Amino acid sequence: MLFWGQQGVSKNIEAAAKWYAQSALQMKDAQAMYDFSLVLFKGHGVKKNISLALQMMKQAASKGLVKAINGLGWYYSTYKADMKTAVKYFEKAAQNGSRDAIYNLGILHLNGQYPGKPTKNESAAFQHFYKASLLGHVDAIVETSQYYCTGNLDNFTRNPETAVLMLKNVCGQNGYLGYVIRRALNAYLKGTWEEALLNYLLAAEAGIEVAQTNVAHMCEENPDLGRHHFSTYDCEWRYYNHSTFNYLGSSYGFLKMGDYYYYGHNNQSQDIEMSILMYANAALTDSSQGIFNLAAIIEEGHEIPEIIFNKLGINKADQLERTAVLENLYRRCKVQAAEELLSPCSLALFSVQVKVAWKKIMNHPVQASLAYITGTIIVTAFLTSLVHCISNKRTTSDTIQEQGDITRNVQENENTDEELHVSSTDTPAENHRNSGLDLIRCRINQLTEAVPNLLYSQHVGEWTFTVLGVCICLMHIIFMMHFL
């Protein structure tokens, strides 16, 4: 903050250099070592000290700071003119994602300074500039746009539209526009939506993608606000559509426009072809939702242009087989949605894999026969187990009822004896008691005869469940043979 004069702090390079030195020498912080080495190289706020600067840069690089590794390449190319050593550091930093290092390698190719390749190589330079531009390197974007504007390369098609979009992206990196967007965000957080909308509009009309998306979102969330300020055109459609025309594009904007084209929006009619194009562009930005929507459209039977498959990297052999395309897309979708334990992508992929496995089984005579036989056994075993479960339930309830009847008869006989106060010489009482005992014996004999039937049903049920489990395992093995 002191070095650049940011966040309300006055610029003071000398004080900044002291803080860098303290953090680098005392705290051994890699970033501070790198920053301190830069001020030492250039003499900003301190006296130039190349040897100490190099020492700090090497220490920062040894701690794995990628910027410092690229810095060592810059040192050897600038101070020592040792391009071989410089390229070694540039390559190492580039492998770790340094856009500056990638750009520097492009400059070496462009100037014919790359070791072992003394001639100017614009094709190699363009490849490096293009890679760095995708990572947001401003100078690389400018260089790449120049090639798109002139087409001054072998086997390279001139594309002025792409050049304009790339330069527009550079122009959007404007401090004042950033201030306008911050002002809009503060107003939105305070709940003053009109002020937020007007500030976002200023940035949106200047071509800033995030502002365009936010304007469309606010119109979508508050239709009355949108109708008040946009009476002549559809706010959501206009600004979501504008957001898709940026160089890198907005995945959210592509998805929204894809939905609008797919379902139709207000006065806009359905357009499946444009919907496919929008979802494909979202998929190219590694949007899992875009990939899923594109696959869903294919499942509905819509044709996808070959150029889209080529951009997605789906080979021509897979393009001929719809299930292969779906499996490829759902697998990519699952990878992009890896944070979710169970995502729609994984369920859709499983469904496609089951269909593919079943088709392979049906095309194999032996496995198809085995599958039919196993399926028949499974259904039979299931129905048998169901019948025996119902039968056991009824038998058990009947047995319990009979036991209850016996108990009640015994109790009734005992109560009758007590009421009659009969003696051992009362013949009618004896007859009554004997008849009760005969009834009890008959019921006990019935229960005794029911026990073997219960045991038989239990054994049948156990064997049925065993056969059912074995058949299910067999079907599982057949499917797994095609999954793996």
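These numbers come from the heavy atoms of this one structure, side chains and all, not from hydrogens, waters or symmetry mates. Everything numeric here is computed off the predicted structure, so don't read it as measured data.
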Determine the minimum heavy-atom distance between [X] and [Y], stating which atoms define it.
{"X": "Ala187", "Y": "Ala196", "result": "CB-N, 3.7 Å"}
{"X": "Leu177", "Y": "Ala203", "result": "CD2-CA, 4.4 Å"}
{"X": "Val210", "Y": "Ile181", "result": "CG1-CD1, 3.9 Å"}
{"X": "Ala124", "Y": "His128", "result": "O-ND1, 2.9 Å"}

- Item | Chi angles and distances behind the side-chain hydrogen bond (donor to acceptor under 3.5 Å, both in side chains) call for Asn96, Ser98 | CA-CA 6 Å; Asn96 286 279; Ser98 171; over 6 Å; no

Just by modelled atom types, is the [Y] backbone N or O under 3.5 Å from a matching donor or acceptor in the [X] side chain?
{"X": "Glu236", "Y": "Ala216", "answer": "no"}
{"X": "His265", "Y": "Tyr261", "answer": "no"}
{"X": "Ser287", "Y": "Ala283", "answer": "no"}
{"X": "Asn281", "Y": "Leu277", "answer": "yes"}
{"X": "Asn241", "Y": "Trp237", "answer": "no"}

- Task: For atom CG of Leu189, decide whether the heavy atoms of other residues, nucleotides or ligands shown that lie under 6.0 angstrom number more than 12.
- Result: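 Yes.
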
- Item | For Gln127, side-chain hydrogen bond (donor to acceptor under 3.5 Å, both in side chains) partners two or more places apart |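 Expected list: none.
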
- Message: Tell me which one of Tyr89, Tyr34, Phe41 satisfies ring pair (Phe, Tyr, Trp, His ring centres under 6.0 Å) with Trp74.
- Response: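 The residue from Tyr89, Tyr34, Phe41 that satisfies ring pair (Phe, Tyr, Trp, His ring centres under 6.0 Å) with Trp74 turns out to be Phe41.
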
- Among all residues two or more places apart in sequence or in another chain, which pass the side chain to side chain contact (heavy atoms under 4.5 Å, CB included) test with Ala132?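 Ile102, Tyr103, His137, Ala140.
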
- Name all pairs fulfilling the side-chain hydrogen bond (donor to acceptor under 3.5 Å, both in side chains) condition that reach into residues 211-223, sequence neighbours left out, sorted by first residue then second.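 Residue pairs with at least one partner in residues 211-223: Tyr200-Asn214, Glu209-Thr213, Gln212-Asn246, Glu220-Tyr240, Glu220-Lys256, Glu220-Tyr260.
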
- Over 60° means perpendicular and under 30° means parallel, so classify the ring planes of Tyr75 and Tyr79, tilted if in between.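 Ring orientation of Tyr79 relative to Tyr75: parallel.
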
- Message: For the residue pair Tyr279 / Asp259, report whether a side-chain donor-acceptor contact shorter than 3.5 Å exists.
- Response: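 Yes, a side-chain donor-acceptor pair sits under 3.5 Å.
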
- Message: Against the six-membered ring of Tyr114, is Lys117 placed for a cation-pi contact (under 6.0 Å from the centre, within 45° of the normal)?
- Response: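 Yes - Lys117 lies over the ring of Tyr114, closer than 6.0 Å to its centre and within 45° of its axis.
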
- May I ask you to say whether Arg238 pairs ionically with Glu205, meaning some side-chain N is under 4.0 Å from a carboxylate O?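 Glu205 and Arg238: salt-bridged.
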
- Taking the six-membered ring for Trp and the single ring otherwise, decide whether the centroids of Tyr130 and Tyr147 are under 6.0 Å apart.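 Centroid distance Tyr130-Tyr147: not below 6.0 Å, so no.
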
